[in-house]
Student: 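Sharing a structure with you now.
Model, not experiment: these values are computed from the prediction.
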Amino acid sequence: MIPEYWKAFIIKNELVGKYCEIPESVDLSELDGGNLKLLDENQILNEANEFYPGIAVKKFGYIPVASCSLGSGDPYFININDGANGSLYRVYHDAEMIDDESYNMDEAVSLVLADYTELLKYLCENGN
């Protein structure tokens, strides 16, 4: 489920459990930026298989890779359909549900970074 290119990126850069702060000026979702914590493999699988929005969006290729470190509950995702160096997305957990298992994807998903490797620019020294 977790793409090898993501695993390689995380391992090479020692990112598991690290925090990133994405400035508002580069957040393509036009929100206030983002504060996130990168997930380990078990957390990724848990978020994708046990919690929304992960359950609802994995069928569209979205894989959770980070959680909001400020408490919004909006996880961050890559999409396996984008391939290596693909985008980073925020999926709003409180977006409109079409039914018990599907979000209105136009409302639920926002592009945050065009290339997830940009996360390296926004690593925080000491937690969040």
Student: Step by step, would you call Leu119 with Leu88 a side chain to side chain contact (heavy atoms under 4.5 Å, CB included)?
Tutor: CA-CA 9 Å; Leu119 286 169; Leu88 182 73; 3.8 Å; yes
Student: Once you round to the nearest 0.5 Å, how far does CG of Leu15 lie from SG of Cys20?
Tutor: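 If I round to the nearest 0.5 Å, the distance is 6.5 Å.
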Student: Taking only residues two or more places apart in sequence, or in another chain, which ones meet Lys37 in a side chain to side chain donor-acceptor pair (under 3.5 Å)?
Tutor: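 Side chain to side chain donor-acceptor pair (under 3.5 Å) check on Lys37 returns nothing, list empty.
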Student: Please tabulate, for side-chain N and O atoms in residues 75-87, each donor-acceptor pair with protein atoms closer than 3.5 Å (sequence neighbours left out).
Tutor:
residue : atom : partner : partner atom : Å
Tyr76   : OH   : Arg90   : NE           : 3.4
Tyr76   : OH   : Arg90   : NH2          : 3.2
Asn79   : OD1  : Asn81   : N            : 2.8
Asn79   : OD1  : Asn81   : ND2          : 3.0
Asn79   : ND2  : Phe60   : O            : 3.1
Asn81   : ND2  : Phe60   : O            : 3.1
Asp82   : OD2  : Tyr89   : OH           : 2.8
Ser87   : OG   : Ala114  : O            : 3.0

Student: Leu38 and Val16: side chain to side chain contact (heavy atoms under 4.5 Å, CB included), yes or no, with the steps?
Tutor: CA-CA 6 Å; Leu38 292 154; Val16 171; over 6 Å; no
Student: Taking atom types as modelled and ignoring hydrogens, do the side chains of Lys18 and Asn13 form a donor-acceptor contact shorter than 3.5 angstrom?
Tutor: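 Judged by distance alone, the side chains do not pair up.
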Student: Checking side chain to side chain contact (heavy atoms under 4.5 Å, CB included) for the pair Leu28/Leu113: CA distance, chi angles, key distance, verdict?
Tutor: CA-CA 6 Å; Leu28 298 175; Leu113 296 173; 5.6 Å; no
Student: Got Leu120 and Phe9 here, is their nearest side-chain heavy-atom distance under 4.5 Å?
Tutor: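 Answer yes - side chains close enough.
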Student: Under a single-linkage definition using a 4.5 Å side-chain heavy-atom cutoff for Ile, Leu, Val, Met, Phe, Trp and Tyr, are Leu39 and Ile11 assigned to the same hydrophobic cluster?
Tutor: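 No, Leu39 does not connect to Ile11 through the hydrophobic network.
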Student: What pairs of residues pass the salt bridge (charged side-chain N to carboxylate O under 4.0 Å, His left out) test when at least one of them lies in residues 109-122, not counting sequence neighbours?
Tutor: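 Every candidate salt bridge (charged side-chain N to carboxylate O under 4.0 Å, His left out) pair involving residues 109-122 fails, so no pair, neighbours aside, qualifies.
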Student: Write down the atom of Asn35, the atom of Glu21, and the distance for their closest heavy-atom approach.
Tutor: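 Between these two residues, the closest heavy atoms are OD1-CG, 3.0 Å.
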Student: If I compare all heavy atoms of Gly34 with all of Asp27, which pair ends up nearest, and what's the gap?
Tutor: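 That would be N-OD2, 4.3 Å.
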Student: Among residues two or more places apart or on two chains, list those pairs meeting salt bridge (charged side-chain N to carboxylate O under 4.0 Å, His left out) that have a residue in residues 2-12.
Tutor: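 Every pair satisfying salt bridge (charged side-chain N to carboxylate O under 4.0 Å, His left out) with a residue in residues 2-12: Glu4-Lys7, Lys7-Glu41.
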Student: How long is the straight-line distance from CD of Glu47 back to OH of Tyr62, given to the nearest 0.5 Å?
Tutor: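 Output value for this atom pair is 15.5 Å.
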Student: One pair to check against side chain to side chain contact (heavy atoms under 4.5 Å, CB included): Leu123 and Tyr19. What are the steps and the verdict?
Tutor: CA-CA 6 Å; Leu123 286 173; Tyr19 291 86; over 6 Å; no
Student: Checking Asn46 now: which residues fulfil side chain to side chain donor-acceptor pair (under 3.5 Å) with it, not counting sequence neighbours?
Tutor: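 If we apply the side chain to side chain donor-acceptor pair (under 3.5 Å) test to Asn46, skipping adjacent residues, there are no hits.
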Student: Contact between Asn49 and Lys58 at the side-chain level, heavy atoms closer than 4.5 Å - yes or no?
Tutor: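 Counting from C-beta outward, Asn49 and Lys58 do come under 4.5 Å.
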Student: Asp40: which residues meet the side chain to side chain donor-acceptor pair (under 3.5 Å) condition with it, sequence neighbours left out?
Tutor: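 For Asp40, no residue satisfies side chain to side chain donor-acceptor pair (under 3.5 Å) once neighbours in sequence are set aside.
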Student: Check the angle between the aromatic planes of Tyr116 and Trp6 and answer parallel, tilted or perpendicular using the 30° and 60° thresholds.
Tutor: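 Judged by the thresholds at 30° and 60°, the geometry between Tyr116 and Trp6 is perpendicular.
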Student: Please list, chain by chain and in numerical order, all residues satisfying ring-ring contact (aromatic ring centres under 6.0 Å, His included) with Tyr122, sequence neighbours excluded.
Tutor: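 Applying ring-ring contact (aromatic ring centres under 6.0 Å, His included) to Tyr122 gives none.
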Student: Taking C-beta and beyond as the side chain, do Leu45 and Ile2 meet within less than 4.5 Å on heavy atoms?
Tutor: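 Touching, per the 4.5 Å side-chain cut-off.
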